[in-house]
Amino acid sequence: MRGHVEDEMLLDVLEGTAGEEARQHAAACASCAGRVEDARLGLEWAREAEVPEPSPLYWDAFRRNVGQRLEAGRRWRPAVWVPAMAAAGLAVAIAWLPSLGRGPQVTPAPLLPAWSALPPAEQDEALDVMAAAAPVEDLGSVAECGSLSGCLSELSEEETVALANALRSELGESDS
Ligand SMILES: [Zn+2]
């Protein structure tokens, strides 16, 4: 034999199936004898480390689990959940930004006054018109409903038409 026992031959030497030459070399060479011993120990540890076969119940659960994951994967494609996760992360980041600021807290922009479709009462000429048009006995109901808009919303169709006519005539008189 020209050299030491090759790695692929170590198990053959160990099991006694190697050629005569290799077995004689391994018996005479301390280095190769050590490698054969290492191979024997490795084989022993591998046998001890063998995992017992799981019970059939395990495989039932395993199949169910895989099925559920596949089903979930079908619903949650990466194309869907990646942007969703990114958006969630962005929302969290935005929520954390103020607490991360080292300097003074950012002062919030001054709040704009609440938008209203109606002009302020002192600038609303229609209020005077409506007050003039409203019969005196209706003032009690204005107090009941609390606000002009609340009262208007409670008017019947007939009352609304009457009010509109009254407003029209009042405005027409003021225009002339
Ligand atoms: Zn050797």
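Order of listing sets the numbers, starting from 1, for every ligand and every atom in it.
Taking each heavy atom of Ala39 and Leu11 in turn, the nearest pair found is CB-CD2, 4.5 Å. In plain terms, the two heavy atoms of Leu10 and Cys32 that are nearest each other are CD2-O, 4.5 Å.
Inter-residue side-chain proximity for Asp7 and Arg35 is flagged as met; some heavy-atom pair is nearer than 4.5 Å.
Annotation: the span from Gln24 atom CD to Cys29 atom SG amounts to 13.5 Å, rounded to 0.5 Å. For the atom pair CE of Met9 and CZ of Arg23, the computed distance is 9.5 Å after rounding to the nearest 0.5 Å.
In this structure, Glu44 does not pair ionically with Arg47, as no charged nitrogen and carboxylate oxygen lie closer than 4.0 Å.
Excluding waters, the count of protein N/O/S atoms less than 2.8 Å from the Zn ion (ligand 1) comes to 4.
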